Amino acid sequence: MNWLGSLQQLGRAVMLPTMVLPAAAILLSVGSLPWNAWGMEVVGEVSTVAGHGIFYFLPYLFAVGVALGLSNQAGQAGLAALAGIVIYDQVTRNFGDGTVQPASLIGIILGALAGGMHNRFKSIKLPEILQFFGGSRFVLLIVGLCSALFSCFMLWIAPLAQQGLNFIATWEYSLGGFGLFIYGVLYRVLVAFGLHHLLNNVFWFQLGTYETPSGNIVQGDLPRFFAGDPSAGFFMAGLFPIMMFAIPAIALAIIQEAREDLKPKIKKVFLTSALVCFLTGVSEQIEFAFLFAAPYLFIVHAVMSGVAMWLSYWLDIRHGFSYSAGVIDYILNFHLSENAWKLIPIGILYGLAYYFLFRWTIRTFKIPTPGREEGSMLEDWVGNIPYQAPLILEALGGKSNIVQVEACITRLRLTVHDDRLIDTSAMKNLGSAGLIKLGGGNVQVVFGTYSELIREEIAKLLERDLQQVLFAAPVQGRMLPIEEVPDQIFAAKLVGDGVAFVPERGELVSPVFGTIMHLYPTMHALGISTREGVEVLLHIGIDTSQLKGHFEAFVQEGDTVEPGQLLIKFDLEVLREQAASLTTPMVITNPDRVKSWSFAPFKQVKKGQASVMSVVLYDRNVGGVE
């Protein structure tokens, strides 16, 4: 695994523990209400203690979360990390001078140690008399021992490390608004690589120290903000105008510049994305809509994000969030903020500037944002994610190409054997907003907030040994549901079930691996039997059986074929004039073999395009799968 891929995996892992922070913010917000006036002061006290408790044990959450993230959710690794930080806490508490306490950075280090040890030693075999401690139990043993040694080492090094972090924090704060500008630009640039969580973890959870009235030490801009530090919140405040106003304005600009025929679909998708960003601060689905099409525009976006951070510092605005800079966190944490009302007029000005800038740029430079070229949206079939996951898995190179699959909020994060096997075009047709290859087999695929659902379905497919047949497009043209074929026999599925195509070129290719079992005399149709026993009928046009001399076959009965292999050439213009319809059904004539069906979005396809249809078969010993 290359260093960029390793950082990607670590970035995803350190994000996992932060998912509990919204609960802390809600509890603290509830605790700030005037319960004393309502005669229920115990409710406020309990809520406040519970909220601060999450922040107090944040290093423990980081230890367990990072270990789980790096070990593919292995419970043994999480338990080993928890044991490790408990050991660290006890050693430093009993042998230290009180200045060395568990911190988020320590939790990350011990979590990474536990995750790495699990991946290295989970299958270790010891001599028979010691095998009780072999396998995953060895991970618990070795992490416990290493944590004790690490704790002793940190008694000496921790004060020096803390001095170093304090120096960095002091230097960063000495830069004033310019330091925040640099942070804002780096944050936005690293979003493109999925590495922004690492940058944020340093500033939000490591830099700066504050001692609470109760004597607890908290570190990082985010915990210090919620603990009441009057100097915290600058590294979060400037993100609110971007997330609540600027990025939603990009979505509105994309809608307005879409083609009229595609505008209803684009409006549905991007209004939803804009609302999600406004409410929760999840922005990547919108940002990736123009990142690859206009990288220079993304650079402008990054610079303007940095300016927003500088401006909020100059206006002495402090605000914070538990999750991201959306309106929900803006309202929940307003009681802890300072001058946060100024973020609204800044946001409105930013929204207007972004809207007109992006509309002008998209139109002037003809940027192919969604809606200006034919493209798929995941929302077209999001309700059928369990049935579409096989198509996504195939576009990723199939089960054999997957080493590991994880997901963060908006993207799949994968490790594959060979990233050259990934069908980028198919991924786009299946709703991906972008695909990033980091090298070393590490890949990110942006699917928006549905990424976790897709990951779960792909994980199920990886665990099951399903008999599956994948179908490529037999022609170039438009794909239709079988019910839309202008022939009642096919539309009623009396011949079989499947899909249909309106061809734009006079070539028919094989959609599957199989054998030609029947070629009609007029060569207008043929049947293929796959190795799994699925029988496929390809019928060129409707009512074409009498149009002799306009078809030329390049195969004969008994030939073996593979996807994309030329089967028949036909005179498209003659069929257009004389046939009842050009619609070409592709149906399975023994549908009783099929357990479940999956279809790609019904739209334009290329000849031989992979996995426009997928079927899972009932268990039956019918031979191997190609």
Side-chain angles (χ1 to χ4, degrees), residues 15-62 65 104 200 203-205 208-245 248 275-283 312-313 315-348 409 449:
M15 185 191 66
L16 179 62
T18 65
M19 294 298 98
V20 74
L21 295 183
I26 292 173
L27 288 167
L28 292 176
S29 181
V30 171
S32 68
L33 297 176
W35 295 104
N36 290 339
W38 301 335
M40 295 185 292
E41 58 272 12
V42 67
V43 176
E45 293 173 359
V46 169
S47 298
T48 301
V49 170
H52 284 300
I54 291 177
F55 284 104
Y56 180 79
F57 287 100
L58 194 60
Y60 295 77
L61 298 175
F62 269 108
S104 297
N200 292 339
F203 287 94
W204 294 352
F205 297 102
T209 301
Y210 175 68
E211 184 175 352
T212 66
S214 61
N216 293 326
I217 302 297
V218 292
Q219 295 176 315
D221 200 53
L222 193 152
R224 289 191 292 114
F225 174 79
F226 283 98
D229 186 349
S231 66
F234 289 114
F235 283 93
M236 295 178 283
L239 295 174
F240 283 97
I242 301 299
M243 301 299 192
M244 290 170 53
F245 296 95
L275 183 61
V276 169
C277 187
F278 176 73
L279 292 175
T280 68
V282 177
S283 62
S312 65
Y313 176 83
L315 294 174
D316 197 29
I317 302 172
R318 294 190 310 107
H319 204 352
F321 46 78
S322 61
Y323 177 66
S324 190
V327 72
I328 294 176
D329 264 300
Y330 179 86
I331 295 173
L332 277 177
N333 309 319
F334 190 84
H335 64 286
L336 298 171
S337 67
E338 182 179 352
N339 295 321
W341 66 269
K342 297 179 182 178
L343 294 172
I344 301 301
I346 294 174
I348 293 173
I409 299 171
T449 51

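No experiment lies behind these values; they were computed from the predicted model shown.
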Shortest non-hydrogen contact from N333 to F226?
OD1-CE2, 3.4 Å
Determine yes or no for a side-chain-to-main-chain donor-acceptor pair under 3.5 angstrom, with S337 supplying the side chain and F334 the backbone.
yes
Taking every heavy atom of F240 against every heavy atom of G326, the minimum-distance pair comes out as CE2-O, 3.6 Å
Would you find a donor on one side and an acceptor on the other, under 3.5 Å apart, between the side chain of K342 and the backbone of I317?
no
Looking at every non-hydrogen atom in both residues, tell me the closest pair between L222 and M236 and how far apart they are.
CA-CE, 3.7 Å
Under the 3.5 angstrom rule, does the side chain of Y323 hit a backbone N or O of G281 as a donor-acceptor pair?
no
Using side-chain heavy atoms (C-beta onward) and a distance below 4.5 Å, is L61 in contact with I54?
yes
Do the side chains of F321 and L239 get nearer than 4.5 Å, heavy atoms only?
yes
At what distance, to the nearest 0.5 angstrom, does OG1 of T280 lie from CE of M243?
9.0 Å
Can you tell me if D221 uses its side chain to pair, donor with acceptor, with the backbone of F203 under 3.5 Å?
no
Pairing donors with acceptors under 3.5 angstrom, does anything connect the side chains of D329 and S322?
yes
Measure the spacing between CD1 of I217 and OH of Y56 and express it to the nearest 0.5 Å.
11.0 Å
Walk me through whether L58 and V218 qualify under side-chain contact (heavy atoms from CB on, under 4.5 Å).
CA-CA 10 Å; L58 194 60; V218 292; over 6 Å; no
Closest heavy-atom contact between N339 and D316?
ND2-O, 2.8 Å
Please round to the nearest 0.5 Å and tell me the distance separating atom CG of L336 and atom CG of L28.
7.0 Å
Value for CZ (F55) from CG (L27), rounded to nearest 0.5 Å, stands at 10.0 Å
For a 4.5 angstrom cut-off between non-hydrogen side-chain atoms, does R224 reach S231?
yes
Of the non-hydrogen atoms in W204 and P223, which two are nearest, and what is the gap between them?
O-CD, 3.0 Å
Side-chain atoms of residues 41-52: list all donor-acceptor pairs with protein atoms under 3.5 Å, sequence neighbours left out, distances to 0.1 Å.
unit_1 : atom_1 : unit_2 : atom_2 : d
S47    : OG     : V43    : O      : 2.9
T48    : OG1    : G44    : O      : 2.8

Which heavy atom of M244 sits nearest a heavy atom of I344, and at what distance?
CE-CD1, 4.2 Å
As an exercise, state the distance from CZ of R318 to CG of D229, rounded to the nearest 0.5 Å.
7.5 Å
